[in-house]
A.B. asks: 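Could you have a look at this structure, given as structure tokens, before my questions?
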Amino acid sequence: MCTLEKRGDLFLLTLTGDDEHRFHPDTIASVLSLLEQAKSQSTRGSVLITTAHGKFFSNGFDLAWAQSAGSQTGAVNRMHQMVESFKPLIASLFELPMPTIAALNGHAAASGLMFALSHDYVFMRNDRGVLYMSEVDLGMPLPDYFAAMFAAKIGTSIAKREMLMSGKKIRGEEAVALGIVDSAAHDSVEGVVEATVGLGESLAAKKWNGEVYASIRKSLYPGLCAVLSLTAKIAASP
């Protein structure tokens with residue numbers, strides 16, 4: 001399902017297996033547990049890198065599990081359960097006392113893209129993988145914190161329209177041009193992970209105070225953090 005490996009100052013969180021890495025309640029709980037583990041073990045210079053195995057970074061919520069509830073009401077309740085349980089996971093990333101980097105090995109869709117955008121830096125491949133918000137195509141409303149994420153992290157109205165109101169699948173070079181990701185100059189999983197490890201090591205060398213870093217992060221996105229029920233607290237120690 002997922003693993004957390006510590007390599008010096010770097011924490012490497014990996015969604016394992018060759019499936020679509022959909023966010024089932026068990027998956028959400030597992031990832032959240034590993035983020036709490038990284039937080040508890042963090043020191044000055046810690047950095048988190050998140051990636052995945054296979055074709056998908058994450059294809060969103062586990063819709064098959066929701067639809068297997070046996071009734072429309074049951075399916076709606078299961079979707080609500082995933083939306084609500086995913087919110088603390090996103091909040092956890094914003095509170096993590098270290099820089100965070102997403103290394104997209106492949107497609108990132110819906111909540112999978114929200115998971116990626118919750119990181120400070122996003123790298124993707126130029127040969128494979130798209131960014132896709134499927135809600136308009138599926139006829140599903142956008143959760144409030146998804147909308148707040150786009151308002152906070154996606155700078156142009158064109159990018160918001162193309163992704164949220166057109167359901168366009170965005171590839172690497174266009175994602176860079178629209179300011180959605182930082183880099184798409186990588187033609188393999190190994191290449192994108194290597195690039196993020198290089199960035200991670202350079203950030204780790206700065207030995208920043210993690211609590212101050214997290215506080216500054218939250219202060220940059222007051223609207224989103226309000227929806228996530230987060231407040232910025234300035235640490236006193238230098």
A.B. asks: I want to check a possible cation-pi pair here: K169 against Y132, using under 6.0 Å from ring centre and within 45° of the ring axis as the test.
C.D. replies: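 Here K169 passes the 6.0 Å and 45° test against Y132.
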A.B. asks: Got a donor-acceptor contact below 3.5 angstrom from the K153 side chain to the D120 backbone?
C.D. replies: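 Here the side-chain-to-backbone pair does not exist.
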A.B. asks: When Y121 is tested against each of V47, D182, T100 for side chain to side chain contact (heavy atoms under 4.5 Å, CB included), which residue passes?
C.D. replies: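 That would be D182; it is the only one of V47, D182, T100 passing the side chain to side chain contact (heavy atoms under 4.5 Å, CB included) with Y121.
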A.B. asks: Can you tell if the side chain of Q67 reaches within under 4.5 Å of the side chain of L63, non-hydrogen atoms only?
C.D. replies: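 They are in side-chain contact.
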A.B. asks: Once rounded to the nearest 0.5 Å, what's the spacing between atom OG1 of T50 and atom CD1 of I101?
C.D. replies: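 Those atoms lie 9.0 Å apart.
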A.B. asks: Under the side chain to side chain contact (heavy atoms under 4.5 Å, CB included) rule, what do E36 and S92 come out as? Steps first, then yes or no, please.
C.D. replies: CA-CA 8 Å; E36 290 300 320; S92 180; 3.6 Å; yes
A.B. asks: Nearest heavy-atom pair of A204 and G45: which atoms, and what distance?
C.D. replies: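 Minimum heavy-atom contact is CB-O, 3.0 Å.
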A.B. asks: Applying the 4.5 Å side-chain criterion to the ILVMFWY set and letting contacts propagate, would L13 and M114 be lumped into a single cluster?
C.D. replies: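 They do share one cluster, since a chain of ILVMFWY contacts under 4.5 Å joins L13 to M114.
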A.B. asks: Less than 4.0 angstrom from a charged side-chain N to a carboxylate O is my criterion; do R78 and D62 meet it?
C.D. replies: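 Salt bridge between R78 and D62, a charged N being under 4.0 Å from a carboxylate O: no.
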A.B. asks: With a 4.0 Å cut-off on N to O distance, would you call K55 and E20 a salt bridge?
C.D. replies: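 No, no charged N to carboxylate O under 4.0 Å.
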A.B. asks: Using atom types as modelled and distance alone, determine if a side-chain donor or acceptor of T156 lies under 3.5 Å from a backbone N or O of A159.
C.D. replies: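 At least one qualifying donor-acceptor pair exists.
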A.B. asks: Looking at R22 and N59, would you say the former's side chain and the latter's main chain have a donor-acceptor pair under 3.5 Å?
C.D. replies: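 Confirmed, R22 side chain pairs with N59 backbone.
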A.B. asks: Check the surroundings of atom CD in Q72: do more than 12 heavy atoms from other residues, nucleotides or ligands lie under 6.0 Å from it?
C.D. replies: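 No, because the 6.0 Å sphere around CD of Q72 holds 12 heavy atoms or fewer from other groups.
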A.B. asks: Kindly indicate, with the supporting measurements, whether the criterion side chain to side chain contact (heavy atoms under 4.5 Å, CB included) is fulfilled by L224 and L230.
C.D. replies: CA-CA 9 Å; L224 172 58; L230 298 176; over 6 Å; no
A.B. asks: Is F57 reachable from I154 through a run of hydrophobic residues whose side-chain heavy atoms are each under 4.5 Å from the next?
C.D. replies: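 Per the 4.5 Å side-chain linkage, I154 and F57 are co-clustered.
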A.B. asks: Would you kindly confirm whether V197 and L199 end up in one hydrophobic cluster when ILVMFWY residues are joined by side chain heavy atoms under 4.5 Å apart?
C.D. replies: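 Yes; L199 is reachable from V197 via cluster members.
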A.B. asks: Between S42 and K39 (side chain of the first, backbone of the second, donor and acceptor by atom type, cut-off under 3.5 Å), is there such a pair?
C.D. replies: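 Side chain of S42 to backbone of K39: a pair is present.
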A.B. asks: When you look at CD of E84, are more than 12 heavy atoms from neighbouring residues, nucleotides or ligands closer to it than 6.0 Å?
C.D. replies: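 Yes, enclosed.
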A.B. asks: Taking all non-hydrogen atoms of both residues, which atom of Q81 and which atom of P25 are closest, and how far apart?
C.D. replies: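 Heavy-atom minimum between the residues: NE2-CG, 3.7 Å.
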A.B. asks: Do the side chains of E173 and R171 get close enough for a salt bridge, i.e. N-O under 4.0 angstrom?
C.D. replies: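 Looking at R171 together with E173, the answer is no, because their closest N to O distance does not fall below 4.0 Å.
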A.B. asks: Nearest 0.5 angstrom please: L32 CG to T27 OG1, how far?
C.D. replies: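 If I round to the nearest 0.5 Å, the distance is 12.0 Å.
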A.B. asks: Would a distance-only check, ignoring hydrogens and angles, find a side-chain to backbone donor-acceptor pair under 3.5 Å from N105 to G54?
C.D. replies: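 Between the backbone of G54 and the side chain of N105 there is a qualifying donor-acceptor contact (under 3.5 Å).
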A.B. asks: Determine the interplanar angle of the F146 and F86 rings, folded into 0 to 90°, and report it as parallel if under 30°, tilted if 30 to 60°, perpendicular if over 60°.
C.D. replies: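 If you compare the ring of F146 with that of F86, the planes turn out perpendicular.
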A.B. asks: Give me the atom names and distance for the closest heavy-atom approach of S71 to G74.
C.D. replies: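 Where S71 meets G74 most closely, the heavy atoms are OG-N, 2.9 Å.
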A.B. asks: Drop me the distance from C2's SG to L35's CG, to the nearest 0.5 angstrom.
C.D. replies: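 Those atoms lie 8.5 Å apart.
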A.B. asks: With side chains defined as the heavy atoms from C-beta onward, is the minimum distance between L178 and E174 less than 4.5 Å?
C.D. replies: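 Of all side-chain heavy-atom pairs linking E174 with L178, at least one is under 4.5 Å.
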A.B. asks: Going only through I, L, V, M, F, W and Y residues with side-chain contacts under 4.5 Å, is there a path from M165 to V130?
C.D. replies: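 M165 and V130: separate clusters.
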A.B. asks: So for atom NZ, which belongs to K206, do other residues, nucleotides or ligands contribute more than 12 heavy atoms lying within a distance under 6.0 Å?
C.D. replies: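 12 or below, so no.
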A.B. asks: Closer than 3.5 angstrom, by distance alone: can the side chain of S46 be matched with the main-chain N or O of T43 as a donor-acceptor pair?
C.D. replies: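 Flag set: sc S46 to bb T43 pair under 3.5 Å.
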A.B. asks: Determine whether M149 and S118 make a side-chain contact, defined as any pair of heavy atoms from C-beta on separated by less than 4.5 Å.
C.D. replies: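 They are in side-chain contact.
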A.B. asks: Is L164 reachable from V83 through a run of I, L, V, M, F, W or Y residues, each pair having side-chain heavy atoms under 4.5 Å apart?
C.D. replies: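 Yes, same cluster.
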A.B. asks: Stepwise, does the side chain to side chain contact (heavy atoms under 4.5 Å, CB included) test hold for L96 with Y213?
C.D. replies: CA-CA 9 Å; L96 205 64; Y213 185 91; over 6 Å; no
A.B. asks: Are F56 and H21 near enough that their ring centres are under 6.0 Å apart?
C.D. replies: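 No; H21 has its ring centre 6.0 Å or more from that of F56.
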A.B. asks: Using every non-hydrogen atom in the two residues, find where L131 and A175 come nearest and quote the distance to one decimal.
C.D. replies: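 Heavy-atom minimum between the residues: CD1-CB, 3.8 Å.
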A.B. asks: Could you tell me whether the side chain of M163 reaches within less than 4.5 Å of the side chain of I180, counting heavy atoms only?
C.D. replies: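 SC-SC contact between I180 and M163 confirmed.
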A.B. asks: Are H53 and T14 linked by a side-chain donor-acceptor pair shorter than 3.5 Å?
C.D. replies: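 Short answer, no.
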A.B. asks: Looking at F11, is K6 sitting on its ring face, NZ or CZ under 6.0 Å from the six-membered ring centre and within 45 degrees of the normal?
C.D. replies: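 Geometry flag: set, cation within 6.0 Å and 45°.
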A.B. asks: Given the ring of W208, does R44 sit roughly above its face, with NZ or CZ under 6.0 Å from the centre of the six-membered ring and within 45° of the axis?
C.D. replies: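 Output no; distance or angle outside limits.
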A.B. asks: Report yes if the side chains of L142 and M133 come closer than 4.5 Å at any heavy-atom pair, otherwise no.
C.D. replies: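 The answer is yes, as the side chains (C-beta and beyond) meet within the 4.5 Å cut-off.
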A.B. asks: Please confirm whether F123 and H186 have ring centers closer than 6.0 angstrom.
C.D. replies: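 Close enough - the centres of the two rings lie under 6.0 Å apart.
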A.B. asks: Are any side-chain N or O atoms of S30 and backbone N or O atoms of D26, one a donor and one an acceptor, separated by less than 3.5 Å?
C.D. replies: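 No.
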A.B. asks: From the options V176, D187, V192, select the one residue that forms a side chain to side chain contact (heavy atoms under 4.5 Å, CB included) with N126.
C.D. replies: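 Output: one option passes, namely D187.
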A.B. asks: Specify the closest pair of heavy atoms between Y145 and I90, including all atoms of both residues, with the distance to one decimal.
C.D. replies: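 Heavy atoms only, the tightest pair is CE1-CG1, 4.1 Å.
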A.B. asks: How long is the span from the CZ atom in R125 to the CG atom in L104, to the nearest 0.5 Å?
C.D. replies: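 It is 10.5 Å, given to the nearest 0.5 Å.
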A.B. asks: So how far is it from F94 CZ to L89 CG, rounded to the nearest 0.5 Å?
C.D. replies: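 Those atoms lie 11.5 Å apart.
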A.B. asks: Looking at every non-hydrogen atom in both residues, tell me the closest pair between A110 and S134 and how far apart they are.
C.D. replies: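 Closest approach of A110 to S134: CB-OG, 3.8 Å.
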A.B. asks: Is there a side-chain contact between I49 and V193, using heavy atoms and a 4.5 Å cut-off?
C.D. replies: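 I49 does not reach V193 side chain to side chain.
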A.B. asks: Going from CE on M124 to NE2 on H107, what distance comes out if it is rounded to the nearest 0.5 angstrom?
C.D. replies: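 M124 CE to H107 NE2: 9.5 Å, rounded to 0.5 Å.
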A.B. asks: Would you say E95 and K218 make side-chain contact, with heavy atoms under 4.5 Å?
C.D. replies: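 Yes; the side chains approach each other to less than 4.5 Å.
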A.B. asks: Using the side chain to side chain contact (heavy atoms under 4.5 Å, CB included) rule, take L12 and L48 through it: C-alpha gap first, then chi angles, then the decisive distance, then the call.
C.D. replies: CA-CA 6 Å; L12 186 61; L48 176 78; over 6 Å; no
